[in-house]
Amino acid sequence: MTFSLKTRVAASIVIVVIAMGVVSTVVGTRLFGDGLVTQVQRGVEKDLNTAYLVYEYRLDEIEDQVERVASDDAVAAAAARGASWELHRALSGRMDAAGLDVLTIADAEGQVLARGGKPNSAGGGVSARQVVEKVLSRGAPASGTLITPASALELEAAWLAERARMGVLDTPRARPSDVTALQNGMMLAAGAPMFH
């Protein structure tokens, strides 16, 4: 069976057009895909940088609030007198004004003199022990993020432990686990020495 010249030319043009369409589609998809991936990566990087800046700002803000309390003469005088109720009242007021969940004063050994969130709770160690150790070793303010056990949160204020509690849901691809709730809390913590 022979085809006419017209049919062969038309078939050749159709084959060339289909081949060019396939090549264009493959190249376009690859370029679009690479561009899209790059754009998404830049967006995620920008979001992470923003989150880090917000985290650093909040940590600096907490450290500034703690330094103000540490340099307050009335707080230092109450600490020197061992007036735990007076210290609690002062810490509680400053804690509320600064929007802090925890505000504690400890001695040089890390033993609590007063807690802003719980009256009559002197004694025992502070929940932010790592920060206190850093402050004591440097003699300067320090801050960071801590994973705090529920028992330490309970010492600071009963509602903190409840707020930190988070239920664990089973999902189709999760590993089997007996854990039904997470009890620990993550907190931004800061400490400053009192030189009075």
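Nothing here was measured: the structure is a model prediction, and the numbers come from that model.
In this structure, Leu87 CG and Ile105 CD1 are separated by 5.0 Å, a value rounded to the nearest 0.5 Å. The CG atom of Leu100 lies 8.5 Å from the CD atom of Glu61; values are rounded to the nearest 0.5 Å. Within the model, atoms OG1 of Thr145 and CD of Gln130 stand 11.0 Å from one another, a figure rounded to the nearest 0.5 Å. For the atom pair Glu63 CD and Leu188 CG, the distance stands at 11.5 Å (nearest 0.5 Å). Going from atom CZ of Arg94 over to atom CD of Gln65 covers 10.5 Å, rounded to the nearest 0.5 Å. With rounding to the nearest 0.5 angstrom, the CG atom of Leu59 is 9.0 Å from the OH atom of Tyr52.
No chain of hydrophobic side-chain contacts below 4.5 Å, direct or via other Ile, Leu, Val, Met, Phe, Trp or Tyr residues, connects Leu155 to Leu146. Residue Trp159 is grouped with residue Met187 when hydrophobic side chains (ILVMFWY) are merged at heavy-atom distances under 4.5 angstrom, including chains of intermediate members. Clustering ILVMFWY residues whenever any of their side-chain heavy atoms sit less than 4.5 angstrom apart, transitively, puts Trp85 in a cluster other than the one holding Leu91.
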(request) Go through Val168 and Thr180 one step at a time and tell me if the side chain to side chain contact (heavy atoms under 4.5 Å, CB included) criterion holds. (result) CA-CA 5 Å; Val168 176; Thr180 58; 5.7 Å; no

(request) Give the C-alpha distance, both sets of side-chain angles, the deciding distance and a yes or no for side chain to side chain contact (heavy atoms under 4.5 Å, CB included) between Gln183 and Leu153. (result) CA-CA 10 Å; Gln183 306 284 339; Leu153 293 172; over 6 Å; no

(request) Begin with the C-alpha distance, continue with both residues' side-chain angles, and end with the deciding distance and a verdict on side chain to side chain contact (heavy atoms under 4.5 Å, CB included) for Arg163 and Asp101. (result) CA-CA 11 Å; Arg163 191 167 105 184; Asp101 294 328; 2.7 Å; yes

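Smallest separation of non-hydrogen atoms from Ala140 and Pro193: C-CD, 3.8 Å. Asp72 and Ala74 make their closest contact through OD1-N, 2.8 Å (heavy atoms, listed as atom of the first residue, atom of the second, distance). Summarising the geometry of Val131 relative to Ala190, their closest heavy-atom pair is CG1-C, 3.7 Å, with the distance given to 0.1 Å. Minimum interatomic distance between Ala142 and Lys134 (heavy atoms only, all atoms of both residues): CB-CD, 3.6 Å. Closest approach of Ala79 and Leu113 over heavy atoms only: CB-CD1, 4.4 Å.
Counting heavy-atom neighbours within 6.0 Å of Glu162 CD, excluding the residue itself, gives a total of 12 or less. More than 12 heavy atoms of other shown residues, nucleotides or ligands fall within 6.0 angstrom of atom CG in Asn49.
Proximity of a side-chain donor or acceptor of Arg42 to a complementary backbone N or O of Thr38 within less than 3.5 Å is not detected. Without hydrogens or angle criteria, His88 side chain to Ala114 main chain gives no donor-acceptor distance under 3.5 Å.
In this structure, Leu182 and Arg165 have side chains that are not in contact, with every pair of non-hydrogen atoms separated by 4.5 Å or more. Ile62 has its side chain within reach of Arg58: a pair of non-hydrogen atoms, C-beta onward, lies under 4.5 Å apart.
Remark: Arg81 engages Glu86 in a side chain to side chain donor-acceptor pair (under 3.5 Å) (not counting sequence neighbours).
With Ile18 as the fixed residue, the side chain to side chain contact (heavy atoms under 4.5 Å, CB included) test singles out one of Ile15, Val16, Val14: Val14.
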